[in-house]
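A quick write-up on the structure given underneath.
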Amino acid sequence: MKHTIALLLVMLLVKSMHAQEAENTYPPLTVKGATIYLPGKQLDLNTDGFPAMVQTSFKLITEPIHFHLPRLANHKDIKLKSASLVISKAAPDQVNWKVNNVSDSLEMEVKGSLNLHGLMTYVVKLTILNDINLENIRLHIPFTPEAAKHVRGL
């Protein structure tokens, strides 16, 4: 039993070292203003914290990704004002950012991150500040025809 545990521990250490070596083979992420560069890719962040442009060998979106937050009374979108985009972490393997967007009726906090492998994650928090009736809230992701061919999952 003691040999099994020692062997398992050695295997985990070796696997961990190989994973670290693989991480070190990727060029680091770089940030200039609201643009994040990956090898062969570029992500421009909009003032609201969502992607304004995603570029690989072709553009992935035709316009900035955004929410539609229409009022039920007039079917018009609520206009949000964005505070300054804050890059909270700019490491070689991951970049994190945050921005608050606010109107007289609601606040939308956007937290995003991009890792070395191109995985982008978002957490969006909507807080209602005053009584309001909203229609269907929609996230608009305007894929290009080239990008739509590669979309998988939910």
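These numbers come from a predicted model, not from an experiment.
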> Does one hydrophobic cluster hold both Leu119 and Phe143, with members joined at side-chain heavy-atom distances below 4.5 Å?
Replying inline: no
>> What's the separation between atom CG in Leu69 and atom CZ in Arg138, rounded to the nearest 0.5 Å?
In response: 9.0 Å
> Where do Pro92 and Leu116 come nearest, in terms of heavy atoms and distance?
Replying inline: O-CD1, 3.5 Å
> Is there a side chain to side chain contact (heavy atoms under 4.5 Å, CB included) between Asn115 and Asp93 once you walk through the steps?
Replying inline: CA-CA 6 Å; Asn115 75 13; Asp93 62 339; over 6 Å; no
>> Which heavy atom of Asp77 sits nearest to which heavy atom of Pro70, and what is that distance?
In response: OD1-N, 3.5 Å
> Would you find more than 12 non-hydrogen atoms of other residues, nucleotides or ligands less than 6.0 Å from Lys89 atom NZ?
Replying inline: yes
> Using a distance-only test with no angle check, is there a side-chain donor-acceptor pair under 3.5 angstrom linking Ser82 and Asn101?
Replying inline: yes
> Taking all atoms of both residues into account, what is the closest heavy-atom pair of Thr56 and Lys41, and its distance?
Replying inline: CG2-CG, 3.9 Å
> Could you state the interatomic distance from CE (Met53) to CD (Gln42), rounded to the nearest 0.5 Å?
Replying inline: 4.0 Å
>> A side-chain contact here means heavy atoms from C-beta on lying under 4.5 Å apart; do Leu43 and Val95 qualify?
In response: no
> Which distance, rounded to the nearest 0.5 Å, do you find between the CE of Met108 and the CG of Asn100?
Replying inline: 10.0 Å
> Quick one: CD on Gln55 to CD1 on Ile61, what's the gap to the nearest 0.5 Å?
Replying inline: 10.5 Å
> Does Val124 belong to the same Ile/Leu/Val/Met/Phe/Trp/Tyr cluster as Ile78, with side-chain heavy atoms less than 4.5 Å apart forming each link?
Replying inline: yes
> Is there a chain of hydrophobic side chains (I, L, V, M, F, W, Y, each step under 4.5 Å between heavy atoms) that links Val123 to Val99?
Replying inline: no
>> Please check if the number of heavy atoms outside Asn133 that lie under 6.0 Å from its CG is greater than 12.
In response: no
> So, the side chain of Asn46 versus the backbone of Asp48: is there a donor-acceptor pair under 3.5 Å, distance only?
Replying inline: no
>> Quick check on the hydrophobic clustering: are Phe50 and Met120 connected, directly or via other members, by side-chain heavy-atom contacts under 4.5 Å?
In response: yes
> Hey, what do you get for CZ (Phe67) to CD1 (Ile141), rounding to the nearest 0.5 Å?
Replying inline: 8.5 Å
> Applying the 4.5 Å side-chain criterion to the ILVMFWY set and letting contacts propagate, would Ile137 and Val102 be lumped into a single cluster?
Replying inline: no
>> I'd like to know if Arg71 and Asp104 make a salt bridge, using a cut-off of under 4.0 Å between side-chain N and carboxylate O.
In response: yes
> Would you call Ser105 and Leu129 a side-chain contact if the rule is heavy atoms closer than 4.5 Å?
Replying inline: no
> Which atom names give the shortest non-hydrogen contact between Ile87 and Ala90, and what distance separates them?
Replying inline: CG2-CB, 4.0 Å
>> Does the plane of the ring in Trp97 sit parallel, tilted or perpendicular to the ring in Tyr122? Use 30° and 60° as the thresholds.
In response: perpendicular
>> Pair Lys111, Lys125 - check side chain to side chain contact (heavy atoms under 4.5 Å, CB included), show working.
In response: CA-CA 9 Å; Lys111 292 181 180 178; Lys125 178 178 149 185; over 6 Å; no
> From Glu135 CD over to His75 NE2, what is the distance, rounded to the nearest 0.5 angstrom?
Replying inline: 5.0 Å
